[in-house]
Amino acid sequence: MAQMLEIRWHGRGGQGSKTASILLGKVCSEAGKYIQAFPEYGPERMGAPVIAYNRISDERITVHCQIETPDLVVVLDSTLIGAIDVVEGLKEDGKIIINTDLEPEKMKEKIGFNGELYTIDANKISEEELGRAFPNTPLLGAVVKVTSLFTEDEFVKLIRKEFEKKFAHKPEVIDGNINCIRRAFQEVKSE
Amino acid sequence: MATPAKKPGWRDIPIGGRIEEAGNAHKYHVGGWRIRRPVWVKENCIHCLFCWVFCPDSAVEVHDGKMHGFDYNHCKGCGICAQECPAKDKAIEMRPEDVENKFDN
Amino acid sequence: MATLKELSTRAGKFSGGHRLCPGCGAGIIVRQVLAAAKNPVVVACATGCLEVSSTIYPYTAWNTSFIHNAFENAAATISGVEAAYRSLKRRKKFGLEDQEFDFIAFGGDGGTYDIGFQSLSGAMERGHKILYICYDNGAYMNTGIQRSSATPMGANTTTSPAGKKIPGKTQFKKELTDVMAAHYIPYVAQAAPSNWKDLTRKVEKALSIDGPSFINVLSVCPRGWRTPEEKGLEITRTAIDTCFWPLFEVENGTDYTINYKPKNKRPIEEWLKPQGRFKHLFKPENKHLIEKIQKHIDNRWEMLLRRAGEID
Amino acid sequence: MTKRIALTGNEAMALVMKQINPDVVAAYPITPQTEIVQIFSQFVADGEIDTEFVTVESEHSAMSAVIGASAAGARAMTATSANGLALMWEVVYIAASCRLPIVMAVVNRALSGPINIHCDHSDAMGMRDSGWIQLFGENAQEAYDNALMAVRIAEHKDVMLPVAVNMDGFIISHAVENIEIVANEDVRDFVGEYNPERYLLDVQNPITVGPVDLQDFYFEHKRQQVEAMKKAKNVIQKIADEFVNLTGRKYSFFEEYYLDDAEIALVAMGSAAGTAKAAIDELREQGIKVGLLKLRVFRPFPAEEIVRALSHIKVVGVMDRAESFNTMGGPLFSDMRSAMYDGEANVRMINIIYGLGGRDITVTDIKNIIQKVKDVNNTGKIENLVIHYGVRE
């Protein structure tokens, strides 16, 4: 891992990219890392393309701007591809994770990116575990797996604490969300 | 232009324009505004206190529920008291103010 | 209800030495209102004649706690004072746990009907335990008699002058008392200093309520009305007897009571005639305006009677 | 005891307000400050605090109500942004003139128009002559810390002035960052009780606040305000010294970043100062002697200290996130040039106006800006005194 990990999340309003970035930030903070999690704000409403960011570092972060050259791009909705340039600025040795049922090879052709590309069918996982398509939770798992930020067990332990806070009023969804994370660790794949 | 000698400097007044002595306008005399002067005709007075309740200037002196005359330091001479006096023979008369009796209080 | 003798024992909260005009209605109203208050009072005052004449540094006529903030925010300011009181009382600071206060705001019609209306409406809606008194003299008298939304139709002011084409103010006044009643607050009333018994009773009642209250008080301005200084209360009585200024109260938005019904409702001319600001209305070509005003007054009076259940 | 957690700037501000536990808060929601009001409302609704919370109908009434509350004897706070602050304008001056120690969070946003909800400092700059102390923070931590210190500064008997605690809208207010939280009991000890000398609810000693102040006394009262501002400098430093004992976090009028041996320097306020640090780190690795003066206290303006800190610098780039439309640069630049005029040193300055309406300012941008400062140093020539950086031609 580079000194500072910079992640850019692409999604549509309502899919939870901002929530995912904040959850990741909070978990990393709990684990003692320095973090930032912030969305790019506009007048967007439900359905419009949105962006969120994470910076994660072992040292204090002072920079306060949008991320120009991310180490990792996460695409919550593959239908965004083509509509926006999801690999803009992505480092040559960077990585991209895409929520899709397509195989990585296929996806790679589609977006013309030569670096490490991962796919995961986050909608399917989420539908099976939570009964609805919340792709952000499985993608969180995929991000942690791909970046090796934490081991699966470490991360599950940390994120469970966040879920307990976040879902204090509906604890019944916590286990489903944990399952999403665990499955993501297994099901995210590269070529 | 010379600063007026009597007024205190900025170090010597409370901050923020605060006035720390409530009701000190009492020390400020507006009797000089008067061109007519209410005169209390004690023997006609029924002590109804209408003059007191209608005076805009807090210039009617009442003690123990009885009219006691005027505070000429603060009466501006509007004449409402005389106008509103319900006594059969008015207990308040408005008389022209003159230099001699203006400040005799 | 307090007698004058009792009221006189509570005098002194507004000292002489203020610089209101001779015969000013605001001075009379403030004295009556403060005499009706039994607790220590904190007053907030909107910018206007009353404020600029009563607190000219380093003198204050207020023998109470007093705050002036700006023109349009007396209601918000007193709501902040009241909030502070609630908080400090609860937190037992400054020995306030056993101390009662009456919180009273004063504003002229400019600071109440117009520029201060939003602040007033907000404070009333929030339910603070405050009494707002509007002294309504029907124009911005402080700055030289400019029209306000309280200016009566036909009045000649410096911004609604009676000219060759336009005969003074062309709109009816806003009926703010009704508007305040529509806030469904516990107590709203309309009063006049000529009827001191009615006004002081209303103030006592307002201050006894745990919630917001509003009293609109007709305030003579000899300068703006163009009337003799000593005649202010006499003219005020004609406002009541012509039903230009009915005395009434509204509890909880719906419960209307007429406090005074003239035995013989007098024609509106009797209110208009003594005032220089309406002089031009008595020219032959403006006769229709007086008729229009009379009709409006009649309709409104009838509406009030109906609301009060006096007629069907 | 401090605890490190991850919060947005707005969450941090709402939290510190809860910890300060003011007697009265009156506030009106406006983007990007809204969350502060929402979170604070939740604290009240859940009974976590017993602050009297006045949900006013406008910012004008928010400031009016805190003026009433503060004059009454309460510790009072509010928060706003941009147009909300502009709507308060009139009473913002009155708060300072009446010497009421109100603390207000200002979540900086461009002042319309056309309407824009994103960060710049035009809102704060509009109140710069109102008599408020103005503190700027680089991040959520500094906003939190400044709010804590602001209460003490405002209420100090030598000061008795309101304090605005600025934080960049969205960039800080909506970004989650790590922040070290002071324990509740330490906050309580640090801010202490507010005990005003005179206040409206003092039954024994009623006062008049806000009288008509005419030609014969108004000027004296303004002179007093200037004196309070001057004295505020000592107080700000003294309270920062206490704060470092509590938290280990050191504050002064400004932070000096690689200034000691610098030849050229930037001056900046708010979040861009952090980005500038990252740029300077990179350039220092390349041997470029560049430093940063990050201004924390904008009012009172610490002119002497700034001159001292920059006296050895050859060229300074002053970064303004606001225009003043005097055609000679932004408001910070005006103050900087004024401060330097009487300085012994021959420091040249250019002004970089950047980031208006939330235009992002990246590390690359800052490096470009530093290059412009360097160019002046190399050529000795100032071609453009004021640069509107990042504007499309």
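Per chain, numbering begins at 1; letters A, B, ... match sequence-line order. This one's a predicted model, so the numbers in the text were calculated from it and none came from an experiment.
In this structure, the side chains of B:Cys55 and C:Arg31 come closer than 4.5 Å at one or more pairs of heavy atoms. No side-chain heavy atom of B:Asp64 sits less than 4.5 Å from a side-chain heavy atom of C:Thr9. The closest side-chain heavy-atom distance from C:Pro22 to B:Trp33 is below 4.5 Å.
Checked for salt-bridge contact, C:Glu229 and B:Arg36 meet the test: a charged N lies under 4.0 Å from a carboxylate O. Using a 4.0 Å cut-off between a side-chain N of Lys or Arg and a carboxylate O of Asp or Glu, C:Arg237 and B:Glu84 qualify as a salt bridge.
C:Ser65 does not touch chain B: none of its heavy atoms, backbone or side chain, sits under 4.5 Å away. For C:Ala26, no part lies near chain B; criterion is any non-hydrogen pair under 4.5 Å. Looking at C:Glu6, neither its backbone nor its side chain comes within 4.5 Å of chain B, counting heavy atoms on both sides. Contacts between B:Val53 and chain C at a heavy-atom distance below 4.5 Å involve backbone atoms as well as side-chain atoms. Heavy atoms of B:Asp57 lying under 4.5 Å from chain C belong to its backbone as well as its side chain.
For a heavy-atom cut-off of 4.5 Å, chain C lies close to B:Cys48, B:Leu49, B:Phe50, B:Trp52 in residues 42-52 of chain B. The contact list for residues 15-28 of chain B toward chain C, using heavy atoms and a distance under 4.5 Å, reads B:Gly17, B:Arg18, B:Ile19, B:Glu21, B:Ala22, B:Gly23, B:Asn24, B:Ala25, B:His26, B:Lys27, B:Tyr28 by residue number.
If you take NZ on B:Lys66 and NZ on C:Lys5, they are separated by 6.5 Å, rounding to the nearest 0.5 Å. Taken from NZ in B:Lys76 to SG in C:Cys21, the straight-line distance is 8.0 Å, to the nearest 0.5 Å.
Per-residue heavy-atom pair counts under 4.5 Å with chain B were compared for C:Gly23, C:Pro228, C:Gly12, and the maximum is reached by C:Gly23. The candidate with the highest count of non-hydrogen atom pairs below 4.5 Å against chain B, out of C:Ser54, C:Ser194, C:Pro222, is C:Ser194. Heavy-atom pairs under 4.5 Å with chain B were tallied for C:Ile28, C:Ile67, C:Ile29, C:Ile56; the largest tally goes to C:Ile28.
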Just do the side chain to side chain contact (heavy atoms under 4.5 Å, CB included) check on C:Leu233 and B:Gln83 with the steps written out, would you?
-> CA-CA 9 Å; C:Leu233 296 170; B:Gln83 175 77 27; over 6 Å; no
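Without hydrogens or angle criteria, C:His18 side chain to B:Pro56 main chain gives a donor-acceptor distance under 3.5 Å.
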